[in-house]
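Chain letters run A, B, ... following the sequence lines, proteins first and then strands; every chain starts at 1.
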2 protein chains.
Amino acid sequence: MRASDRAYASLRDDIIAWHLPPGTVLAEVEQSQRLGISRTPLREALARLTTEGLVAAHPGRGVVVTHISLERMTDLFDVRIPLDCRAAELAAQAADRKVFQDLATGFQEAPQLITGEDPEQRAYYALVAELDTAIDAAANNAYLLQAQRQLRTHLVRVRRLAKDNPVRLLQSAGEHLQIACAIAQGNPDLAAAATRVHLHNSLQHLLSAEPAPNSEPTQHHGLTA
Amino acid sequence: MRASDRAYASLRDDIIAWHLPPGTVLAEVEQSQRLGISRTPLREALARLTTEGLVAAHPGRGVVVTHISLERMTDLFDVRIPLDCRAAELAAQAADRKVFQDLATGFQEAPQLITGEDPEQRAYYALVAELDTAIDAAANNAYLLQAQRQLRTHLVRVRRLAKDNPVRLLQSAGEHLQIACAIAQGNPDLAAAATRVHLHNSLQHLLSAEPAPNSEPTQHHGLTA
DNA sequence: TTGGGCGTTTCTGTATACAGAGGGCTGTTC
DNA sequence: GAACAGCCCTCTGTATACAGAAACGCCCAA
């Protein structure tokens with residue numbers, strides 16, 4: 001694997017995990033030394049992160065980890081809802097039903113995954129990611145996948161701002177179960193509707209949380225737009 | 001402006017305009033000499049083009065201009081339709097009506113723009129781009145804008161494969177007029193419906209054209225997905 | 001004649017060196 | 001004491017030099 005790929009993955013993970021919190025200045029020499037590479041591959045990694053909107057080139061100040069705020073989630077969901085609904089429709093039309101039946105079983109057993117042990121609820125979110133991946137594969141649309149990947153990066157990042165509680169996670173599991181069942185039944189309309197319901201509730205839950213201490217005041221969002 | 005930005009813009013324009021047709025190998029030394037820069041900024045430009053899907057890193061063979069085919073337009077419109085419809089809805093909710101009234105007037109007069117003089121119909125497509133820009137501005141959503149920009153790049157590129165004829169362009173102007181009017185009236189449902197009608201007809205027109213001589217057989221599409 | 005192996009050559013990926021610009025600090029002056 | 005100007009320093013952006021890998025071609029052998 002190339003050094004620039006490793007640097008990209010490492011920085012991306014660190015930003016998503018809030019090891020590099022918003023506002024952090026990523027000086028090229030400092031980061032290249034930290035990662036044990038030269039500036040050339042590091043610059044490539046930073047360029048990729050910039051196009052993704054995870055960092056922004058602050059002219060004169062270097063590259064800065066972008067701020068993320070709950071206020072912008074409404075905008076993000078305005079894009080996410082139609083894309084995810086369309087993906088669910090396409091998946092319901094074309095999917096291997098066995099795959100989604102198995103996923104449905106998984107979500108039925110999700111309450112066992114949602115334990116108090118892991119505050120990040122990795123096991124449950126891994127199952128959610130599995131469903132997303134299965135929908136992507138069934139929809140089989142490279143353009144759709146690329147658009148969704150962009151959005152998901154920012155969504156994973158905002159999780160830290162939200163307050164997951166077992167009640168909401170159990171409700172979420174039920175919604176995902178509904179989506180998986182609809183796709184397994186080959187019902188596109190139902191799959192899209194279930195997706196819309198789930199995303200609506202997710203957004204409401206996100207917005208209902210009071211701003212976390214990490215939430216910074218609204219600033220330039222950093223998308224190169 | 002940075003050398004890497006100029007290289008990116010130059011290569012992007014050349015690919016979109018088919019000066020660099022699909023399958024062209026972009027060797028780093030060759031292109032850097034052609035553009036009068038060194039390999040470092042050129043590599044940055046190629047990386048950006050790769051993430052956009054305009055070129056693909058062919059391992060061992062260098063970077064190659066990706067193939068584009070009408071077959072993939074169905075996939076592209078599967079993403080474009082929900083996004084454009086949502087954008088039209090948002091614009092209809094928030095737009096400065098005067099702007100879209102003026103655009104509507106422009107589309108009413110579009111038949112005068114659609115002349116036989118310019119085979120590429122630049123004047124008409126500039127008006128269409130103006131409407132797109134106005135919708136983007138009214139929708140005021142950075143995530144939406146970024147997703148649409150990706151798609152539009154590929155759409156402009158495929159125009160060369162389609163056969164524009166005055167009949168279709170006049171029909172298209174009427175559809176755009178309907179969209180602009182609906183937004184100017186502040187009617188989100190109508191705006192989305194008009195957008196859906198227009199995109200449906202656009203796709204049908206694209207697919208009705210027999211494959212142009214430039215159309216290559218289906219290959220790896222090159223999106224890094 | 002064809003297939004396989006080796007050498008050459010060119011290419012990518014990385015490191016480093018260099019130049020220009022911008023900011024911060026310090027000294028001086030009002 | 002405060003404000004402005006000049007200098008220095010650090011940082012980005014670019015060029016170039018170097019190393020490893022892969023592909024092409026040629027030669028030899030079967």
Chemist: Decide whether Gln150(A) and Gln146(B) meet the rule of one side-chain donor and one side-chain acceptor closer than 3.5 Å.
Modeler: yes

Chemist: Within this structure, what is the CD-to-C1' distance between Gln33(A) and dA15(C), rounded to whole angstrom?
Modeler: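 Rounded to the whole Å, the gap is 13 Å.
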
Chemist: Salt bridge check: are Asp75(A) and Arg80(A) linked by an N-O gap of less than 4.0 Å?
Modeler: no

Chemist: Just the rounded figure in Å: distance from C1' of dA22(D) to NE2 of His58(B).
Modeler: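 After rounding, the gap between these two atoms is 15 Å.
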
Chemist: Ala3(A) side chain: which of dT14(C), dC11(D), dA15(D) is closest?
Modeler: dT14(C)

Chemist: Nearest-Å distance, CZ (Arg39(A)) to C1' (dT14(C))?
Modeler: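 The answer, rounded to whole Å, is 13 Å.
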
Chemist: Are OP1 or OP2 of dA15(D) and a side-chain N or O of Ser38(B) less than 4.0 angstrom apart?
Modeler: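 For dA15(D), OP1 or OP2 has a side-chain N or O of Ser38(B) closer than 4.0 Å.
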
Chemist: Indicate, yes or no, whether a donor-acceptor pair under 3.5 Å links the base of dT14(C) to the side chain of Ser4(A).
Modeler: no

Chemist: Glu44(B) CD to dT14(D) P: how many Å, rounded?
Modeler: 7 Å

Chemist: May I have the distance from Glu30(B) (atom CD) to dT10(C) (atom C1'), rounded to whole angstrom?
Modeler: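 After rounding, the reported distance stands at 13 Å.
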
Chemist: From C-beta outward on Arg2(B), which listed nucleotide comes closest to its side chain: dT16(D), dG13(D), dT16(C)?
Modeler: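 Among the listed nucleotides, the one closest to the side chain of Arg2(B) is dG13(D).
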
Chemist: Output the single nucleotide from dC11(D), dG13(C), dA15(C) whose closest atom is nearest the side chain of Arg43(B).
Modeler: dG13(C)

Chemist: Look at Asp78(B) together with Arg72(B) and state whether they make a salt bridge at an N to O cut-off of under 4.0 Å.
Modeler: no

Chemist: Between P on dT14(D) and CD on Glu28(B), what's the gap in Å once rounded to a whole number?
Modeler: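 These atoms are roughly 15 Å apart.
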
Chemist: Answer yes or no on whether Arg2(A) is positioned over the face of Tyr8(A), meaning its NZ or CZ is under 6.0 Å from the six-membered ring centre and within 45° of the axis.
Modeler: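 Verdict for Tyr8(A): no cation-pi partner in Arg2(A).
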
Chemist: May I have the distance from Leu42(A) (atom CG) to dT14(C) (atom P), rounded to whole angstrom?
Modeler: 12 Å

Chemist: Output the rounded distance in Å from CG (Leu26(A)) to P (dT10(D)).
Modeler: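 Between P of dT10(D) and CG of Leu26(A): 20 Å.
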
